[in-house]
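Following: one structure in structure tokens, then a few remarks.
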There are 2 protein chains.
Amino acid sequence: MTATDPALTALAQGWCALSLLHGRIEAHIERALQTKHGLSVREYSLLNTLSRQHDGEGGHLQMKQVADAVVLSQSATTRLVTRLEDRGLLKRYLCPTDRRGIYTDVSEAGARLLAEARPTNDTALREALDEAAKNPELAPLVRAVESAGTSGEPSHGPDESSDAGAEQVIVPA
Amino acid sequence: MTATDPALTALAQGWCALSLLHGRIEAHIERALQTKHGLSVREYSLLNTLSRQHDGEGGHLQMKQVADAVVLSQSATTRLVTRLEDRGLLKRYLCPTDRRGIYTDVSEAGARLLAEARPTNDTALREALDEAAKNPELAPLVRAVESAGTSGEPSHGPDESSDAGAEQVIVPA
DNA sequence: GCACGTTAAGTGCACCTGCAATCATCTGGA
DNA sequence: TCCAGATGATTGCAGGTGCACTTAACGTGC
């Protein structure tokens with residue numbers, strides 16, 4: 001029964017904590033974004049990711065890359081983009097060089113909504129982290145999250161791209 | 001547009017990384033558990049949590065506590081428990097002192113399946129972490145996860161209970 | 001130029017989830 | 001004792017997600 005490798009069991013502990021922390025934070029932000037702006041966490045995440053690409057350079061993203069960035073299946077990404085497009089928050093247009101690929105780009109309305117929602121998101125995140133920090137099991141992870149953004153780059157770094165190895169990078173252009 | 005508080009933006013970076021890491025790991029483990037044992041990550045997590053309670057003492061959990069432990073709504077928890085009960089992996093019985101509450105407990109078949117699935121889970125977790133560690137943005141979080149289980153307690157510690165403050169503890173009895 | 005395999009996006013379907021409403025039970029007060 | 005408020009579990013319903021499959025387009029070899 002419990003005769004498993006202790007090292008692996010310890011890892012499972014850490015994963016359990018990570019999962020718990022993620023769930024708590026996501027639930028908290030979800031409520032805040034949903035009630036105040038009618039956005040889900042994933043929708044916000046998508047807008048945020050796309051806008052950041054737009055920020056750095058004219059790097060629009062293809063569906064596949066979007067799917068990888070937000071960790072969703074291609075089908076789910078298709079529908080997510082469709083929903084946001086129907087709401088006028090982003091645009092979809094074919095890639096001229098490869099007609100299979102479809103680029104997505106945030107519209108002005110999308111950028112505006114994102115700007116409105118950003119404070120809500122950040123505040124809710126701060127609250128959720130403070131709440132989680134009270135739990136000794138979660139505290140080390142909370143600290144890791146807090147230092148993740150400040151350590152390497154000054155303001156907004158190279159985002160979460162560069163992938164995990166077996167796949168492609170997120171920022172192509 | 002981008003005129004937001006840099007400190008909050010940095011936090012968002014960390015949250016983004018956490019979310020990405022969680023998504024990658026979950027997807028990887030999900031595939032492994034699903035194909036080899038017909039279990040979803042949540043189902044495994046539920047069995048694991050319940051079995052740990054059983055391990056320490058005779059602490060069965062009520063639905064509400066289960067819901068909090070796996071970060072699920074009460075309704076989703078009800079159905080999750082129902083599914084596993086239908087498969088004979090756990091039992092449900094009324095609490096004698098409070099007939100509103102319903103205890104859940106892992107059955108022998110559930111414990112067996114959990115024991116079978118544990119190596120799969122741990123291996124997949126190890127793989128996912130190694131994969132994520134290649135990403136410099138995710139590496140610090142990976143290290144935090146790895147050290148989370150080993151630092152405080154010797155083997156299996158007080159699990160992820162103690163809650164985040166505004167709610168109740170997970171291990172009552 | 002045409003057939004073959006590969007890759008990107010979208011669709012049908014089944015399943016899981018959260019919210020709101022409901023039922024049963026406990027608790028405190030008149 | 002009986003009633004109102006609170007809490008735990010469940011259910012109806014709408015919506016999001018993944019898997020398997022289909023369609024469109026690229027690239028290669030003949």
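Quick note on labels: first sequence line is chain A, next is B, and so on, each numbered from 1. None of the values given here were measured: they were computed from a predicted structure. Basis for what follows: all heavy atoms, side chains included, without hydrogens, waters or symmetry-related copies.
- Residues A:Leu72 and A:Leu80 meet the side-chain proximity criterion, which asks for heavy atoms closer than 4.5 Å.
- Looking at A:Arg100 and A:Gln62, their side chains never come closer than 4.5 Å, going by heavy atoms from C-beta outward.
- With hydrogens and angles disregarded, a donor-acceptor distance shorter than 3.5 Å links the side chain of B:Ser107 to the backbone of B:Gly88.
- When side chains are defined from C-beta on, A:Glu131 does not count as touching A:Arg24, because their heavy atoms never get closer than 4.5 Å.
- Summarising the hydrophobic clusters (Ile, Leu, Val, Met, Phe, Trp, Tyr; side-chain heavy atoms under 4.5 Å, direct or chained), the residues clustered with B:Tyr103 are B:Tyr93.
- Salt-bridge annotation for B:Arg126 and B:Asp122: absent, with no side-chain N of the basic residue lying under 4.0 Å from a carboxylate O of the acidic one.
- A pairwise comparison of heavy atoms in A:Trp15 and B:Glu26 identifies CH2-N, 3.9 Å as the closest pair.
- If you check residues 87-102 of chain B against DNA chain D, the residues with a heavy atom closer than 4.0 Å are B:Arg92, B:Arg100, B:Gly101, B:Ile102, listed by number.
- Remark: P of D:dT17 and CG of A:Leu80 are 6 Å apart, rounded to the nearest angstrom.
- For the side chain to side chain contact (heavy atoms under 4.5 Å, CB included) with B:Ile29, the lone residue among B:Leu39, B:Thr123, B:Thr120, B:Asn121 that qualifies is B:Asn121.
- Among the atoms of the strands shown, only primed sugar atoms or phosphate atoms (P, OP1, OP2) are found under 4.0 Å from some heavy atom of B:Gln62.
- Counting to the nearest Å, the C1' atom of D:dC19 and the CZ atom of B:Arg31 are 9 Å from each other.
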Distances for protein N/O vs nucleotides 11-16 of chain D N/O pairs under 3.5 angstrom?
residue : atom : partner : partner atom : Å
D:dG12  : O6   : B:Arg79 : NH2          : 2.6
D:dG16  : OP1  : A:Arg83 : NE           : 3.4

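- With rounding to whole Å, A:Leu72 atom CG is found 11 Å from D:dC19 atom P.
- A straight line from CD of B:Glu26 to C1' of C:dC16 spans 12 Å, rounded to a whole angstrom.
- At whole-Å resolution of the value, CG in B:Leu39 and P in D:dG18 are 19 Å apart.
- Between the CD atom of A:Glu85 and the P atom of C:dG10 there is a distance of 9 Å, given to the nearest Å.
- In this structure, NZ of B:Lys64 is placed 4 Å from P of D:dG8, rounded to the nearest angstrom.
- When atom types are taken as modelled, the side chain of A:Thr49 and the backbone of A:Ser45 share a donor-acceptor pair closer than 3.5 angstrom.
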